[in-house]
Colleague: 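Can you read through this structure? Questions will come right after.
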Amino acid sequence: MTDELIKPADLELADALSAVVRTLEPEPDVERTVATIVNAVATTVPGTEDAGISLLEAGNLTTVAPSSDRVARLDELQHELGEGPCVDAVFADITYRTGDIAADVRWPKFGDAAAALGVNSMLAVRLFTGKTLLGALNLFSSAREAFDESAEHVCGLFAAHGAVALAGSRAQAQLRNALESRDVISMAKGILMERHRVTDDQAFDLLVRASQNTNRKLHEVARWLVTGTNNAINDGN
């Protein structure tokens, strides 16, 4: 009975999906990871003409590595209007599919705008892990009823694997940024210690006060000081 349930086409799709998923390794470059996911989905999920990912950052959605200018504009419209499959996939339910978006009463404003740009079908799936809400994976097609349950299932698998890769990529990027910030703060403290004959703690306090007075982040103040010092040295040479 098990053999009857597993069709050859399903096995081929499973093999193809497994091969693509292996390319979704997390990298420190978040945009490169997103681009890899978008490219893999656009070439594998049936019915897809364009694809994109909207990432949730500090409560706001931003488009990263869209497959076309049309995707970038469609995502921007959803973000601006506060409605659309992508927005709902992030904040309401996990998956949204529509085959005639202009007639879909769920998104009247966005539906008209999407149809005007030549898009009739959309599929949006939430990107999340057990700990983090990352955003949404969005697929687009000019054809009506382009995405069926099979496409939704495959997209869901991509979203699951892609979310793990993306979460890993973000963690690597955050660690790298943290290490870079620590290094630049250490260099800035060294400059202040040398310039003003102060202790390590006193140099750090000076940076903190400058950060508070200018309403800029500590690592930004430190980078400004280090960059200015380096420029002065180079100009002197």
Colleague: In this structure, which one of L123, V125, L139, V45 forms a side-chain contact (heavy atoms from CB on, under 4.5 Å) with E152?
Modeller: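 With E152 as partner, side-chain contact (heavy atoms from CB on, under 4.5 Å) holds for just one option, L123.
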Colleague: Considering non-hydrogen atoms only, spot the tightest contact between G82 and V87 and give its length.
Modeller: O-CG1, 3.8 Å
Colleague: Could you report the tightest heavy-atom contact between L74 and A114, atom names first, then the distance?
Modeller: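 Nearest pair, atom of L74 first, then A114: CD2-CA, 3.6 Å.
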Colleague: Does any part of the side chain of P66, heavy atoms only, come nearer than 4.5 Å to the side chain of T63, both counted from C-beta?
Modeller: yes
Colleague: Are F140 and V41 in one and the same hydrophobic cluster, where Ile, Leu, Val, Met, Phe, Trp and Tyr link if side-chain heavy atoms are under 4.5 Å apart?
Modeller: no
Colleague: Is it true that a side-chain atom of R144 and a backbone atom of N120 form a donor plus acceptor pair closer than 3.5 Å?
Modeller: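 Not at all, since once roles are kept as given, no pair shorter than 3.5 Å links the two residues.
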Colleague: Give a yes or no answer on whether the side chain of H153 reaches the backbone of E149 with a donor-acceptor pair at less than 3.5 Å.
Modeller: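 Absent.
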Colleague: Measuring from L77:CG to D112:CG, what's the distance to the nearest 0.5 Å?
Modeller: 11.5 Å
Colleague: For side chain to side chain contact (heavy atoms under 4.5 Å, CB included), just list the numbers for D104 and D100, CA-CA rounded to whole Å, side-chain angles, deciding distance to a tenth of an Å, and then say yes or no.
Modeller: CA-CA 6 Å; D104 201 315; D100 188 1; over 6 Å; no
Colleague: Going by heavy atoms in the side chains, are P85 and R97 under 4.5 Å from each other?
Modeller: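 Answer no - side chains too far apart.
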Colleague: What are the two closest non-hydrogen atoms of L134 and T129, and how far apart are they?
Modeller: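 Where L134 meets T129 most closely, the heavy atoms are CD1-CG2, 4.4 Å.
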Colleague: Quick one, C155 and L137 - any side-chain contact, counting heavy atoms below 4.5 Å?
Modeller: yes
Colleague: Given side chains that start at C-beta, do those of K109 and E83 come closer than 4.5 Å, heavy atoms only?
Modeller: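 The answer is yes, as the side chains (C-beta and beyond) meet within the 4.5 Å cut-off.
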Colleague: Can you get from F147 to L117 by hopping between Ile, Leu, Val, Met, Phe, Trp and Tyr side chains that sit under 4.5 Å apart?
Modeller: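 Unlinked, F147 and L117 end up in two clusters.
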Colleague: Is it true that a side-chain atom of S141 and a backbone atom of A143 form a donor plus acceptor pair closer than 3.5 Å?
Modeller: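 Flag set: sc S141 to bb A143 pair under 3.5 Å.
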Colleague: Rounded at 0.5 Å granularity, tell me how far OG in S211 sits from NE2 in H219.
Modeller: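 One finds 9.0 Å between OG of S211 and NE2 of H219.
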Colleague: Given 3.5 Å as the limit, does a donor-acceptor pair link the side chain of N39 with the main chain of A35, or not?
Modeller: no
Colleague: Taking all non-hydrogen atoms of both residues into account, name the closest pair between S67 and D50 and its distance.
Modeller: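 Scanning both residues, the minimum pair turns out to be OG-OD1, 3.2 Å.
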Colleague: Any donor-acceptor pair under 3.5 Å linking the side chain of T33 with the backbone of L166?
Modeller: no
Colleague: Give a yes or no on whether the backbone of A65 and the side-chain of E31 come within a donor-acceptor separation of less than 3.5 Å.
Modeller: no
Colleague: Taking the side chain from S121 and the backbone from A146, do they hold a donor-acceptor pair closer than 3.5 Å?
Modeller: yes
Colleague: Is there side-chain contact between L192 and L225, with at least one heavy-atom pair below 4.5 Å?
Modeller: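 The answer is yes, as the side chains (C-beta and beyond) meet within the 4.5 Å cut-off.
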Colleague: If you measure only the distance, is there a donor-acceptor pair under 3.5 Å linking the side chains of T229 and R195?
Modeller: yes
Colleague: Step by step, would you call D75 with N138 a side chain to side chain contact (heavy atoms under 4.5 Å, CB included)?
Modeller: CA-CA 9 Å; D75 282 349; N138 308 306; 3.5 Å; yes
Colleague: Quick check: closest heavy atoms across M187 and V226, and the distance to 0.1 Å?
Modeller: CB-CG2, 3.9 Å
Colleague: When you measure from the side chain of T43 to the backbone of A40, do you find a donor-acceptor pair of N or O atoms at a distance under 3.5 Å?
Modeller: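 Here the side-chain-to-backbone pair exists.
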Colleague: Looking at every non-hydrogen atom in both residues, tell me the closest pair between A210 and V221 and how far apart they are.
Modeller: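 Minimum heavy-atom separation between A210 and V221: CB-CG1, 3.9 Å.
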Colleague: Once rounded to the nearest 0.5 Å, what's the spacing between atom CG of D69 and atom CD of E76?
Modeller: 9.5 Å
Colleague: With hydrophobic residues grouped by side-chain heavy-atom distances under 4.5 Å, do V154 and Y96 end up in a single group?
Modeller: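 Different hydrophobic clusters.
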Colleague: A side-chain contact here means heavy atoms from C-beta on lying under 4.5 Å apart; do L61 and F91 qualify?
Modeller: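 The answer is yes, as the side chains (C-beta and beyond) meet within the 4.5 Å cut-off.
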Colleague: Do V90 and F128 have side-chain heavy atoms sitting under 4.5 Å apart?
Modeller: no
Colleague: Could you tell me whether the side chains of S142 and E49 share a donor-acceptor contact shorter than 3.5 Å?
Modeller: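 There is such a pair (donor and acceptor under 3.5 Å, judged by atom type) between the side chains of S142 and E49.
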Colleague: Using salt bridge (Lys or Arg N to Asp or Glu O under 4.0 Å) as the criterion, list what pairs up with E194, not counting sequence neighbours.
Modeller: none
Colleague: Mind checking whether D88 and D93 have side chains closer than 4.5 Å, heavy atoms only?
Modeller: no
Colleague: Could you go step by step and tell me if T95 and R126 meet the side chain to side chain contact (heavy atoms under 4.5 Å, CB included) rule?
Modeller: CA-CA 6 Å; T95 304; R126 181 181 298 172; over 6 Å; no
Colleague: For atom CZ of R106, decide whether the heavy atoms of other residues, nucleotides or ligands shown that lie under 6.0 angstrom number more than 12.
Modeller: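 Yes, because the 6.0 Å sphere around CZ of R106 holds more than 12 heavy atoms from other groups.
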Colleague: Just do the side chain to side chain contact (heavy atoms under 4.5 Å, CB included) check on F158 and L127 with the steps written out, would you?
Modeller: CA-CA 9 Å; F158 266 106; L127 291 170; over 6 Å; no
Colleague: Using a strict cut-off of less than 4.0 Å between a Lys/Arg side-chain nitrogen and an Asp/Glu carboxylate oxygen, indicate whether R223 and E220 qualify as a salt bridge.
Modeller: no
Colleague: Within this structure, what is the CD-CZ distance for the pair Q202 and R197, rounded to the nearest 0.5 Å?
Modeller: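 The CZ atom of R197 is 13.0 Å from CD of Q202, to the nearest 0.5 Å.
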Colleague: In Å, rounded to the nearest 0.5 Å, how long is the span from NE2 of H79 to CZ of F110?
Modeller: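 Between atom NE2 of H79 and atom CZ of F110 there are 9.0 Å.
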